[in-house]
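Notes for the one structure printed next.
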Amino acid sequence: MLSNLVKIKETFEKELAAVKDGAALESLRIKYLGRKSGMMNDVMQKIREVPPEQKSQYGSEANKLKGYITSKIDEAEQGLGGAQKKSADFFDVTLPGIPPVRGGYHPLELTRRMIEGIFQRLGYTIVEGPEAETDWHNFEALNFPKHHPARDMQDTFFLENDLVLRTHTSPVQIRTMEKTKPPVRIICPGRTFRCDWDITHTPNFYQVEGLMVDAGVSFADLKGTIDHFCRELFSPDTVTRFRPSYFPFVEPGAEVDIRCVKCGGKGCRVCKQTGWLEIMGAGMVHVNVLENVGYDSEIYTGFAFGMGIDRIAMLKFGIDDTRLHYENNLRYLEQFRGVC
Ligand code: FA5
């Protein structure tokens, strides 16, 4: 057994003498000192097979040999100099760095910020409200009496204790008017919910509500405000049109269209050959709504409007399936990096 240690030492010395570079030295180190299959590992395992009376001498000689091989390899490594050291130790400080990946805003967040910015510059204040809403704020105070057929227009998710997941951001109008005296000029972005799922509808989506109430506010103010908004958001030559429509909380009510951003009104797949794209609901605040929050409808009038952020984002960025907003596909989301 002891003679085997002597043989290992002789062979090691011969092999070390033949080493010319760092790679060869590294192979030699692994061959003798490698943790799993190194020769010295094998030598140490063999202690178990040595007769008891020779165990202590064998152990001591084996340890000496391991120390000897380690120090010789270290010495040789120093001798080879910095350039031929193990590559893992080498760090080239002149190499260019790896730039960290920068995040960006989600397209819905981008769109919300754009919409908010336009109205903030007009003097509107941003207000938020709860996502779990009372029947009063989501429906009743907005002039949807119980059993009113218009409640069916919004496929509602019902919660316990007379609460619903809000189907629109209009309840924030009510909450604000309940605790504020006119003049009111607010913009209310937020998450909304309906039992809906196709390429233009999702169960979770986002809306922005706008409300202005003061003495003498007219439909002309509504038109002027919406025209300005559309030109700021889309382009200075955007054309709008108002079509009569029905929402229980406004009278008169309208749906607002813009001339198709894709074909300029000629008719295409995006506008379904009509030349127009619907972008929001709007109208003059209903007298019943003003009375429900304690405003004197003989003095005050107001307008309100509400739009889907998902829909505006689709038109602004040319997206044809709203479900993309919720799939967390990085290849899709990365396209918006640096937009704002
Ligand atoms: C309303 O929700 C009214 N509260 C808007 C309003 C406010 C009218 C103030 C008058 C005065 P409507 O149900 O049409 O209206 O929804 C408004 C917008 O929300 C739609 O134009 C659409 O862009 C968006 N929307 C509605 N349901 C979904 C859905 N499931 N997924 C994505 N967007 C939706």
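Below, all heavy atoms of this structure are taken into account, side chains as well, without hydrogens, waters or symmetry copies. Indexing begins at 1, ligand by ligand and atom by atom, following the structure's order. Computed from a prediction, not measured in an experiment: that's the story for all the values here.
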Consider only side-chain N and O atoms of Asn4 and Tyr58, and report whether a donor and an acceptor are under 3.5 Å apart.
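Note: Asn4 and Tyr58 side chains miss the donor-acceptor criterion.
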
Taking atom types as modelled, is there a side-chain donor on Asn204 or Arg191 under 3.5 Å from an acceptor on the other?
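Indeed, the side chains of Asn204 and Arg191 share at least one donor-acceptor pair under 3.5 Å.
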
Less than 6.0 angstrom from the centroid, inside 45 degrees of the normal: does Arg113 satisfy that with respect to the ring of Tyr105?
yes

Using 30° and 60° as the class limits, which term best fits the ring planes of Phe336 and Phe317: parallel, tilted or perpendicular?
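Because their plane-to-plane angle is over 60°, the rings of Phe336 and Phe317 count as perpendicular.
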
Salt bridge check, [Y] against [X]: does any charged N sit closer than 4.0 Å to a carboxylate O?
{"X": "Glu327", "Y": "Arg323", "result": "no"}
{"X": "Arg151", "Y": "Glu140", "result": "yes"}
{"X": "Glu15", "Y": "Lys31", "result": "yes"}
{"X": "Arg337", "Y": "Glu334", "result": "yes"}

What protein heavy atom is closest to [atom], reported as residue, atom name and distance in Å?
{"atom": "atom 17 (C) of ligand 1", "result": "Gln207 NE2, 3.3 Å"}
{"atom": "atom 31 (N) of ligand 1", "result": "Thr202 N, 3.0 Å"}
{"atom": "atom 24 (C) of ligand 1", "result": "Gly308 CA, 3.8 Å"}
{"atom": "atom 8 (C) of ligand 1", "result": "Gly281 C, 3.5 Å"}

Are Leu211 and ligand 1 in contact, using a heavy-atom cut-off of under 4.0 Å?
no

Looking at ligand 1, does Phe249 have a heavy atom less than 4.0 Å from it?
yes

How about His168 and Phe249: are their ring centroids closer than 6.0 Å?
yes

Heavy-atom distances under 4.0 Å are what count here, so tell me which part of His168 touches ligand 1: side chain, backbone, both or neither.
side chain

Side chain, backbone, both or neither: which part of Thr167 comes within less than 4.0 Å of ligand 1 when only heavy atoms are counted?
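None of Thr167 does.
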
If we number the atoms of ligand 1 from 1 as shown, the ones under 4.0 Å from a heavy atom of Ala282 are 8 (C), 10 (C), 11 (C)

Which ligand 1 atoms are under 4.0 Å away from a heavy-atom of Thr200?
31 (N), 32 (C)

Quick one: which of [options] has a heavy atom closest to [atom]?
{"atom": "atom 1 (C) of ligand 1", "options": "Arg311, Glu209, Arg194", "answer": "Arg194"}
{"atom": "atom 28 (C) of ligand 1", "options": "Phe205, Phe247, Phe303", "answer": "Phe205"}
{"atom": "atom 21 (O) of ligand 1", "options": "Glu278, Arg323, Met307", "answer": "Glu278"}

Which of these passes side-chain contact (heavy atoms from CB on, under 4.5 Å) with Val213: Val293, Thr301, Leu290?
Leu290

For ligand 1 and Asp196, I'd like to know whether there is a polar contact (N/O to N/O, distance under 3.5 Å).
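In this structure, Asp196 places an N or O atom under 3.5 Å from an N or O of ligand 1.
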
Any N or O of Ser170 that comes nearer than 3.5 Å to an N or O of ligand 1?
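For ligand 1, there is an N or O atom that lies under 3.5 Å from one belonging to Ser170.
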
